[in-house]
Peer 1: 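Once you've had a glance at the structure underneath, I'll fire off some questions.
The figures that follow rest on heavy atoms only: side chains count, while hydrogens, waters and symmetry mates do not. By convention in this document, chain letters (A, B, ...) are assigned in the order of the sequence lines, proteins followed by strands, and residues within each chain are numbered from 1.
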Amino acid sequence: MTGRPAGDSWILLATTGSQGAVAIHIDAAGAELRRTNITAAELVSWVRDVEESEHPRWVIRSAREIYPGLLAAGVLLTRTHDLLLCHAILRDTDIVARPLAPSPDWLPVEPDVGEPALFDAGESSDAGSLSDLVEQVQAQLRVIAADRTDRLSLLCSAESAGGLIAEEMRAAGVPWDAATHDRILTDVLGARPAGGGMPAHMATQADAVRFHLGDPQLHLESHVKLLRALHRVGVNVESTSQWELSEVAHPVIAPLLAYKKLSRLLSANGWAWLSEWVRGGRFRPVYIPGGVVTGRWASAGGGALQLPRMLRPAVRADPGWTLIVADVAQLEPRMLAAMAADKSMAEAARGQDLYAGVVASGAVATREEAKYAVLGAMYGATTGDSGRLVPRLRKVYPRAMHLVDSAARAGEDGGVVSTRLGRSSPRPDALWQAQQSAATGADVDPAEVKRARGRARERGRFTRNFVVQGTAAEWALIWLAEIRHRLRQLPAAETPAPASGPFAEHAHLAFFLHDEVIVHVPLEQADAAAAAVREAAAVATRRLFGAFPIDVPLDLQIMQTAEK
DNA sequence: AGAAGTTGCGCG
DNA sequence: AAAGCGCGCAACTTCT
């Protein structure tokens, strides 16, 4: 950080078990300015008061540990520096000479899937850890300050905001209409048998499959048994995956594919999921910011990131509220064009459909080809339709292609690559390194060399994708943080939505998935919230790429709130 | 019996 | 093993 604005206060907040907490005002280097001891009884109101009067940046061990309790008490934090999340970034970053010394004390904690305890102190909050905390924030601030470009400062702010947003979204929940979900299940799977057992439509397909396979007792969920049965009737597939089955012409295929689809829906998001995960009109998934090495979020429980599109209609605003649903089309290739400052690719990215722009460039003939070529470029395809099309992009977008090709080369050589804001890929593990050096010797088994080469290529594909996926994650993080910031400015709702907990009277983010958001807003604020989502996207683009002209268009809808 | 690994499929 | 990246989860199989 090149400088902290005058009057900007940072407060290290550490819980000290049953005794309460200690708050330490720190300067830009993390040195103590003054210290306040707070009893457990006054903690919540103290934090609330200071939040309102000082608007500090709270330095906390982890939002996941302390924020659920505050939210349950109705206290929202605006800005934090999340030591656990930032530790991971600053430890691995390759954009400064001396990254943070890694420490096992600062590894992510297991998410607590249960109910939030009131300001749960956690087990690591003994007296000794206070000095560790001070030491850690000072070390982190040193690394951030060493980056004269301020990218790590921005990344840490955004990542920390993500830590808050993840907990806020869980507290608010996704408004979920169980009746709609149930209706979809009944329509698709058939009536749910009273005594358990298979829903009607599923049973019909299963019977058809067993009939065509000539085995009325066959257990369809066992791949081994199913495969044997398929072989018996001459369907010579190597696996029971749908792509391979769909290549075969045989009367058993249609009902089998239909059965697999229904079976998947039932086991992943059927009635059992509904009763386990939807309570009081809300789905409350556990988000894990930074859970993926690239910086993307992961989730734990509920399969939040895999909700089938078929169930989207079950996401339903409360009475008097509506939903803003927004996503970015082709976020990753847009990030690539801007990172590489590739004006030709940015030109193709103008407007809603980047693939149409690629076709217009003359590189490929159809939109479908454009899509395969672009995805292949970012994923490192070398064979098949996709691999065949990639070289054409090298002619029209040499700068963009050079960026991903260089990232791949670095990865193959065992090197590290970084995103726009300085999140760096992990180093190769010891096994990988050993495998590579073992393959360079004089008389090495050719199979060994080939295997090592394969592993090197594999890592190249990972680093190739890392820079793009990771930068897209950074864009999304800033987008989220800016949306949240703008929603905060909106007034209280005319009609409360009690199920939203701390957000019962306020517009809030309800769902986030890589490049899309759902915002739950009072009806009367729909237009203002939509504007906030759009402005936030523009800000994210500008923060990452300055004046470089890259379009990041949103597909944004204000949901119609139909009567049931 | 329970852990660990595999398969297949949902999402971006 | 789809043609290439990143995930989580359920159900089954295999290992201990």
Peer 1: Quick one: A:L265 CG to C:dA11 P, roughly how many Å, whole number?
Peer 2: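 Value for this atom pair: 13 Å.
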Peer 1: Would you classify A:Y372 as touching base, sugar-phosphate or nothing, given that sugar-phosphate means primed atoms plus P, OP1 and OP2, and contacts are heavy atoms under 4.0 Å?
Peer 2: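 Base contact.
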Peer 1: Please give, in whole Å, the distance from C:dC5 P to A:R459 CZ?
Peer 2: 14 Å
Peer 1: Using a 4.0 Å heavy-atom cut-off, does A:G387 contact any base of the nucleic acid, only the sugar-phosphate backbone, or nothing at all?
Peer 2: nothing
Peer 1: Within the 4.0 Å heavy-atom criterion, would you say A:S222 contacts the bases, only the backbone, or no part of the nucleic acid?
Peer 2: sugar-phosphate
Peer 1: Walk me through whether A:R192 and A:T186 qualify under side-chain hydrogen bond (donor to acceptor under 3.5 Å, both in side chains).
Peer 2: CA-CA 7 Å; A:R192 185 187 185 185; A:T186 305; over 6 Å; no
Peer 1: Just by protein heavy atoms under 4.0 Å, how would nucleotides 7-12 of chain B read 5' to 3' in B, S and -?
Peer 2: BBBBSB
Peer 1: Inspect the contact between A:D82 and A:R64 and indicate whether a charged nitrogen and a carboxylate oxygen are less than 4.0 angstrom apart.
Peer 2: no
Peer 1: Nearest-Å distance, CD (A:E276) to P (C:dC9)?
Peer 2: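 Result: 10 Å.
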Peer 1: Using a cut-off of less than 4.0 Å, is there contact between a side-chain N or O of A:H219 and OP1 or OP2 of C:dC12?
Peer 2: yes
Peer 1: Will you find, in the side chains of A:E221 and A:Y259, an N or O donor that is under 3.5 Å from an N or O acceptor?
Peer 2: yes
Peer 1: Go through the structure and list residues passing side chain to side chain contact (heavy atoms under 4.5 Å, CB included) with A:A298, not counting sequence neighbours.
Peer 2: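 Per chain and number, A:A298 pairs via side chain to side chain contact (heavy atoms under 4.5 Å, CB included) with A:I288, A:V292.
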Peer 1: Indicate whether any N or O donor in one side chain lies under 3.5 Å from an N or O acceptor in the other, for A:Y355 and A:E369.
Peer 2: no
Peer 1: Under 3.5 Å for both pairing distances: what stems, at least three Watson-Crick or G-U pairs long, include DNA chain C?
Peer 2: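 As far as DNA chain C goes, consecutive pairing (with distances under 3.5 Å) yields the stems B:1-12 with C:5-16.
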Peer 1: Side chain of A:T294, base of C:dG6: donor and acceptor closer than 3.5 Å?
Peer 2: no
Peer 1: Just call it for A:V390: base, sugar-phosphate, or nothing, with non-hydrogen atoms closer than 4.0 Å on any strand.
Peer 2: nothing
Peer 1: What integer distance in Å separates A:R455:CZ from C:dG4:P?
Peer 2: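 The distance from CZ of A:R455 to P of C:dG4 comes to 16 Å, rounded to the nearest Å.
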Peer 1: Looking across every strand, which nucleic acid part, if any, lies under 4.0 Å from A:A298 by heavy atom: base, sugar-phosphate, or nothing?
Peer 2: sugar-phosphate
Peer 1: Looking at A:R486 and A:E535, is there a salt bridge between them, counting it only when a charged N and a carboxylate O are closer than 4.0 Å?
Peer 2: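 Yes, A:E535 and A:R486 are salt-bridged.
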